[in-house]
Structures are given as structure tokens and as C-alpha cells.
Amino acid sequence: MDWPLVEKAATGVKAVFRNMPLPLLSVDIDGTILEANPLARDRLALPEDRGQWPDLSHFLLSLDAAELADMMERCCSRSRPQQLRAQCRDIHGGKFEVMVHLSLLDADSERCFLCVLTDVNGTGDEETLAPPTPWADGLTESSLRWRFALFGAGDGVWDWDLESNDVVYCARFRQIIGFSEAELDNSFEQWVSLVHPDDLRGFTGGMQEHLRGHSPHYTCEFRMRCKAGDWIWVLARGRVARRDGSGQPLRVVGTLSDIGARKKLEYELRRMATTDFLTGLYNRRHFISRMADELARIRRRANQPSSLLMVDLDYFKNINDTYGHSAGDLVLQHFADTLRSCLRRMDLPARTGGEEFAVLLPGTSEQEALILAERLRRKVKSTPAVTPEAIIAVTVSIGITLLRAEDSGPDATLGRADEALYRAKNSGRNQVVLAPL
């Protein structure tokens, strides 16, 4: 093969690409812009540093990355160019309609595509590109790098014009909350209406702090209502991109990320750190922490009593020895379900040891706690645990004490309840005993 001729041909192709009177891009299969001729660079305002070029889908507001990939797939499978009308924007936020013409450049690898962007006028006809506007808005090199970092994050992009109060959402933003382009009216008020009421204060407060210049950027985690009616956790980041001569903000640009998976993981980690794996009740560590909080409240408001139950399953060792530990675990789970059914939502049940349990009863007097404990004792006795090995009858012994303002800490309260519990066990079990005053 004559390599000098090949190199000469390649040089000729590059010259044609560079001088073609249309905006041309070469794009990889994943949407990465590999090359852009001068017209395309001017039209999209691409910086000199190619490392800061975002993917093509970030410029195509009405075409997200998945839709662009689908267009490329059709281009490969059908072996012919594809075209699609789309809403586009340059780096300054100027919007225009384009026809996206996509054709396969490398038929062997099916990885490289030629993309032509031709402007569309108001009648829907393609027209010659107007000269690009000069660098507007007084953008600096650093602000351009920041803006490209937003595009490169791969999340939904939003652009809020404070003068008109309109917000432009990219396709990914709408996809996150399940709305079509026609269903978002581009008003900031509609976005606010989709924020969960409990998160609205943080959403608007953080934005106002940033607009006033009290914070370098805007960051807020909140829930948004999807089209289907459910709530998802999102993270919004943004920054003022332009201010007027007096420093008043005119434009804010930012991203929206779906953080539902992260929030779910955080919840699971918190749950694992605070609950007993076998029964699903709170563990001893979390229970002690909550008891300390309740004691602090009692010291502030001694006229609002709280009580503590210590509960022990009678002869539980015999259950394990007779039926095995698997059956014993089922008995513990059965008791936990029975316990939950007897409590209010405000009560705090925990597994504090092998077969030992505790219940914190806020706002409950000693006599009220006694009534609840008796109801629990009777229900446990009358509701045996059904296991594959056998139907196992269970009884419990319960000790009760009040939380006292003079208690030095949770251990002092637990100690009194333990003493009452042992009195119940030593008196024949299946009993409820009050700690002495």
C-alpha cells in the first residue's frame, strides 16, 4: 500500500471537513464529540480545550442521551442516514431549531458518525446558518469551565431567566420526573409546585441565600412529585451565571440529579445501625440513646411522665434446647410482632438482649403502663408461636418503672426495671411487677 497517498487522502478529507459551509461534528457511539469544524465550534460556542466539550446530547434539549443512542442504532441497523428535528441551544443558552442529520462514517467499527446541524426557520424550512453571536453575557473563561462541568455531569440541566421567570429544562430533567416537554410550562412557579411541602422551605431558602450572594453556589436535596404522583429524591445544584450592573441576579444555571438510590441506601444503612436484624425492633444502642433524650425531656417537663417496660420470655432456653435455635428465632419474631400490635406509634420497642426486650412509653403514667403490660402478657399467653417443629406456647415476665428526673442516666432507670423484672420471675413468672417508688 502506498502510505504517502493514504496520508495525502486523509489530509484532503480533513480539509473538506474543516472548510465545509455547514456545521459538522464527528461523534462517537456514546455521543462524545470527537471533532468539530469551525462553523460547528462557533455555532455551539465550543471552547478551545476539547477536554471541556460536553456530549452532543447536552446541546440537544429535546433529545436526551438515550434517544440519541437510539438514533445511532437505527443509523447502523438500517445502513442509511437518519435525521430528526430537535431543539438546540448554544453555550449562552440561545435556543434554535435544528435538523440533526446523522450518518455512519466508519462502517467497519460502527462507532464514528458524521453529524450535521442545520438551522430551521419559523416555517420549518432549513436555512443557512446566521453568523454566531459574539461572546455575550460577559462570560469569563472560568465561568465557561463551570458551565461545561454542569453539562458534563450527565444529569438534568436547567436554566432560569429571572427577568422572565422562565426555566428551560433539558430532556433529562423532564425524564427524571416523568413529564413531557408540553407538560412543563417553563415557569419557575410550576417547579416550586412540584416540591414536597416539607422540603419547600429549604428549597426556596437556599435559593434566596445564593441569589443574595450569601453562598457561592446553590445546593439542595429535596423531594419532587413525579407525573405518576409518587415522590422522588433529587439533588439540585446551581449558580448565578449573570448579574446586572448593580449585582442583581439575571440568570441561574444548574443541574438536577436523581438521588433516590442513594437515599434508599442511606435509609438502609441507618436502619441497619439502629435495628435488630432478627426481630426488626430497635437495638439496644439506639434504645439507650432515645432513653437519654426522653430523660432530658422529663427533666424539663416533670409533669409529663414516661414509663419503661422490661420484658423477658420465660424459659426461653428450654425452647432452644427442645426445638432448636431456628424455632427459637421464630418464637422471638412472633413475640416481636405481638409486641408491636399492642403499642402505639409513639412507643419505642427494642430487643436489648437474647430474649430480653424493653419498651419506652412516652407520656405514660405507671398505672397506664401497668394496663398495657397486662394486656401484652395476656395476649402473649393466648397466642402461641406456630413453627415447623411445633406450636409453642410462650409466656412473659414484665417489670415496670417510671423515668425519674433525678435518674443519672438510662442505666439507673433500666436498673430499677430489671429489679422489678427479676421479682416477677422469682415469683413464678408470667407476671407483671411494678418497681417500688
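Note that these values count all heavy atoms, side chains included, but never hydrogens, waters or copies made by symmetry. Just so you know, these numbers come straight off a predicted model, no measurement behind them.
Arg299 places a side-chain N or O within donor-acceptor distance of the main-chain N or O of Ala405, the cut-off being under 3.5 Å. Side-chain atoms of Ser341 come within 3.5 Å of backbone N or O of Thr338 as a donor-acceptor pair. Under the 3.5 Å distance criterion, the side-chain polar atoms of Asn283 are matched with a main-chain donor or acceptor of Ala273. In this structure a side-chain-to-backbone donor-acceptor pair under 3.5 Å is present from Ser307 to Thr364. Using modelled atom types, no side-chain atom of Asp55 and backbone atom of His58 make a donor-acceptor pair closer than 3.5 Å. Between the side chain of Arg41 and the backbone N or O of Leu46 there is no donor-acceptor pair closer than 3.5 Å. For the pair Thr383 (side chain) and Val380 (backbone), a donor-acceptor distance under 3.5 Å is absent. Within the 3.5 Å criterion, the main-chain N or O of Leu278 finds a donor-acceptor partner in the side chain of Gln333. With hydrogens and angles disregarded, a donor-acceptor distance shorter than 3.5 Å links the side chain of His210 to the backbone of Val240. For Arg174 (side chain) and Tyr169 (main-chain N/O), a donor-acceptor pair under 3.5 Å exists by modelled atom type.
Between Leu117 and Val100, the closest side-chain pair of non-hydrogen atoms falls below 4.5 Å. Side-chain atoms of Asn165 and Glu189, non-hydrogen and from C-beta on, do get closer than 4.5 Å to each other. Taking the side chain as every heavy atom from C-beta outward, Val433 and Ser427 never approach each other to under 4.5 Å. Side chains of Pro436 and Arg423 form a contact here, defined as non-hydrogen atoms less than 4.5 Å apart. A 4.5 Å side-chain heavy-atom check between Leu162 and Leu250 finds every atom pair outside the cut-off. For the pair Asp199/Cys220, no side-chain contact is recorded, criterion being any heavy-atom separation below 4.5 Å from C-beta on. Side-chain atoms of Glu221 and Arg262, non-hydrogen and from C-beta on, do get closer than 4.5 Å to each other. In this structure, the side chains of Leu60 and Cys88 come closer than 4.5 Å at one or more pairs of heavy atoms.
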What's the verdict on side-chain contact (heavy atoms from CB on, under 4.5 Å) for Met291 and Leu414, showing C-alpha distance, side-chain angles and the deciding distance?
CA-CA 10 Å; Met291 269 198 68; Leu414 289 167; 4.0 Å; yes

Would you sort out whether Ser306 and Arg297 count as a side-chain contact (heavy atoms from CB on, under 4.5 Å), showing the intermediate values?
CA-CA 10 Å; Ser306 289; Arg297 188 189 68 80; 3.1 Å; yes

What verdict does the side-chain contact (heavy atoms from CB on, under 4.5 Å) test give for Leu339 and Val359, after you've listed the backbone C-alpha separation in whole Å, the side-chain angles of each residue and the deciding distance to 0.1 Å?
CA-CA 9 Å; Leu339 176 60; Val359 184; 3.9 Å; yes

side-chain contact (heavy atoms from CB on, under 4.5 Å), that's the test. Do Phe222 and Thr204 meet it? Break it down for me.
CA-CA 11 Å; Phe222 55 93; Thr204 57; over 6 Å; no

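More than 12 non-hydrogen atoms from other residues, nucleotides or ligands lie less than 6.0 angstrom from CZ of Arg340. With a 6.0 Å radius and a threshold of 12 heavy atoms from other residues, nucleotides or ligands, Arg285 has its CZ atom at or below the threshold. Taking a 6.0 Å sphere around OH of Tyr218, one finds it holds more than 12 heavy atoms contributed by other residues, nucleotides or ligands. No more than 12 heavy-atom neighbours from other residues, nucleotides or ligands sit within 6.0 angstrom of CD1 on Ile391. The number of heavy atoms from other shown groups lying within 6.0 Å of CE (Met272) does not exceed 12.
Atom CG of Asp258 and atom CD of Gln175 lie 10.0 Å apart (nearest 0.5 Å). Here the straight-line distance linking atom CZ of Arg242 with atom CD of Glu163 works out to 6.0 Å at 0.5 Å rounding. Atom CG of Leu211 is separated from atom CD of Gln248 by 9.5 Å, given to the nearest 0.5 angstrom. Separation of atoms CG (Leu403) and OG1 (Thr413) is listed at 4.5 Å; rounding is to 0.5 Å. Atoms CZ and CZ, from Arg351 and Phe335 in turn, are 11.0 Å apart once rounded to the nearest 0.5 Å. Atoms CG and OG1, from Leu421 and Thr401 in turn, are 12.0 Å apart once rounded to the nearest 0.5 Å.
For the residue pair Asp185 and Ser187, a side-chain donor N or O sits within less than 3.5 Å of a side-chain acceptor on the partner. No side-chain N or O of Trp160 forms a donor-acceptor pair with one of Asp166 less than 3.5 Å apart. Under the 3.5 Å distance criterion, with hydrogens and angles disregarded, no donor-acceptor pair is assigned to the side chains of Ser397 and Asp312.
Look at Arg290 and Glu294 and you find no salt bridge, because none of the NZ, NE, NH1 or NH2 atoms lies under 4.0 Å from a carboxylate O. One finds a salt bridge joining Glu35 and Arg50 here, because a Lys/Arg side-chain nitrogen approaches an Asp/Glu carboxylate oxygen to under 4.0 Å. One finds a salt bridge joining Arg344 and Asp347 here, because a Lys/Arg side-chain nitrogen approaches an Asp/Glu carboxylate oxygen to under 4.0 Å. The pair Arg416-Glu419 fails the salt-bridge criterion, with no side-chain N (NZ, NE, NH1 or NH2) lying under 4.0 Å from an Asp/Glu carboxylate O.
A perpendicular orientation is assigned to the rings of Trp158 and Trp191, their planes being inclined by more than 60° (bins at 30° and 60°).
The two residues Glu183 and Lys227 have their closest heavy-atom pair at OE2-NZ, 2.7 Å. Taking each heavy atom of Phe357 and Thr352 in turn, the nearest pair found is N-OG1, 3.9 Å. Summarising the geometry of Arg377 relative to Val432, their closest heavy-atom pair is CD-CG2, 4.1 Å, with the distance given to 0.1 Å. The shortest heavy-atom contact between Leu402 and Glu366 is CD2-N, 3.7 Å. Closest of all the heavy-atom pairs between Leu68 and Ser57 is CD2-N, 4.0 Å. Nearest approach of Pro47 to Trp53, heavy atoms of both residues: O-NE1, 2.8 Å.
For the side-chain contact (heavy atoms from CB on, under 4.5 Å) criterion with Leu61, the lone passing option out of Asp159, Val157, Val168 is Val168.
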